Amino acid sequence: MHKAAQPSQAPIDTPAVRRIRRALLAWYTRSARDLPWRRTRHPYPVWVAEIMLQQTRIDQGTPYFERFMEAFPTVEALASAPEDAVLKLWEGLGYYARARNLHRAARLVAHERGGQFPETADDWQTLPGIGRYTAGAIASIAFHEAVPVLDGNVKRVLSRLFDIATSIGQAATERRLWALAEALVPARRPGDFNQALMELGAIVCTPKSPSCTICPVRGVCKAFVRGTQAERPVRGKKPAAPHHELVVAAIEKNGRFLLGKRPPSGLLGGLWEFPGGQVEAGETHEQALKRVIRGELGVELRVGGLAAVVNHAYSHFKVTLNVYRCSIASGSPRPVTHTGLKWVPRAWFGRYAFPKANLKFLKAL
Ligand code: SF4
């Protein structure tokens, strides 16, 4: 059983800070949503939820969390699972490095720490995939350590509470926000306080049209007093996401399709996919497919009809996938850029973890 860690520093105690803490904690006690990972303080589900819910909406992430905890109810169960099984339960959530790091970290906890979880935010940060935010969330919720959290919701709330006029993309603003979050977190109920800040950002102090009239901290909110809520947080201009035109080969033989497993690290690492790649300037789709597949599988391709065209957006770029039915004209495929290849019947697709962009065209095959 884990025990509570001592607070790492003495939190600041001024009347305004005390007011914010009191109001937020009282509001959280009344209004917190009943979410599956909030029914426990055990570090394992808290950790899984913190990793899984990053970059993911709560309504979308909750069924994933429930399925994951059912399949791997303990850190030992997760540690002994094959990576493919972990990725399959993550399929569609994106940011697969999170799943791979969670799996690696579970193995470290189960095998090298004798099943003992880290107890402080500093120690949590020694595990793969755990940064300052995640470490602060787990240590404050599961071990009552008075350490701050700063995610997108908290940044927005603090930018408004303190009416911060500099861009949240700047390192100096980020440092200021961390310092404010650190000053606010109380020694008593730090985990509830951090969750209250995040919850306020999720359901009251929302990006568009914040519900200031029902906000528990409107009396101390500088943006509310000055009427600048809509201008906070200040964001720098984002460059437009580049777009890539891709060709994908649905190579079929005797009712089976050729799938490749992506290398373990990097974008979509460890997932299974249909081979393919980028169309270069001046190339037709057929030329691109033949070139790409020669490089990836070492075979000559016969390109058939177009099976599907799907668009997909990643965090920093967009792609259009042009999927063609293909067969092998000559040669035997071998993995060059993949770590493995398999001929898989359509009925077995459900056993493999695919990138979301691939899931979008499976039905067309
Ligand atoms: Fe956000 Fe409005 Fe509350 Fe200020 S008063 S924290 S802007 S919801």
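First listed ligand is number 1; within each ligand, the first listed atom is number 1. For the single chain, residues carry numbers from 1 onward in sequence order. These numbers come from a predicted model, not from an experiment.
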For ligand 1, which atoms, with element, lie under 4.0 Å from some heavy atom of [X]?
X	answer
Arg218	5 (S)
Cys215	3 (Fe), 5 (S), 6 (S), 8 (S)
Arg160	7 (S)

- Query: Does the gap between the ring centers of Phe117 and Phe143 come in under 6.0 Å?
  - Reply: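 No, they do not, as the ring centres are separated by 6.0 Å or more.
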- Do His312 and Tyr314 have ring centroids that are under 6.0 Å from one another?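 Between His312 and Tyr314, which both carry aromatic rings, the centre distance is below 6.0 Å.
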- Closer than 2.8 Å to atom 1 (Fe) of ligand 1, do we get an N, O or S atom from Cys205, backbone or side chain? yes
- Tell me whether Ile130 is reachable from Leu102 by hopping between hydrophobic residues (I, L, V, M, F, W, Y) whose side-chain heavy atoms are closer than 4.5 Å.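 Yes, it is one cluster - the side chains of Leu102 and Ile130 are joined through contacts under 4.5 Å.
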- Item | Residue part near ligand 1, for Gln229, under 4.0 Å between non-hydrogen atoms | side chain
- Query: Checking Arg262 side chain against Glu273 main chain: does a donor-acceptor pair fall under 3.5 Å?
  - Reply: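 Pair absent, no side-chain N/O of Arg262 close to backbone of Glu273.
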- Can a salt bridge be assigned to the pair Asp192 and Arg41 using a cut-off of 4.0 Å between side-chain N and carboxylate O?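 Judged by the 4.0 Å cut-off on N to carboxylate O distance, Asp192 and Arg41 do form a salt bridge.
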- Considering only non-hydrogen protein atoms, determine which one is nearest to atom 2 (Fe) of ligand 1 and report residue, atom name and distance to 0.1 Å. Cys212 SG, 2.3 Å
- Task: Please report which non-hydrogen protein atom sits nearest to atom 4 (Fe) of ligand 1, along with the residue it belongs to and the distance in Å to one decimal place.
- Result: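 Going by distance alone, atom 4 (Fe) of ligand 1 is nearest to Cys221 SG, 2.3 Å.
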- Item | Residue pair Thr29 / Arg189, side-chain donor-acceptor N/O under 3.5 Å |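 Yes, a side-chain donor-acceptor pair sits under 3.5 Å.
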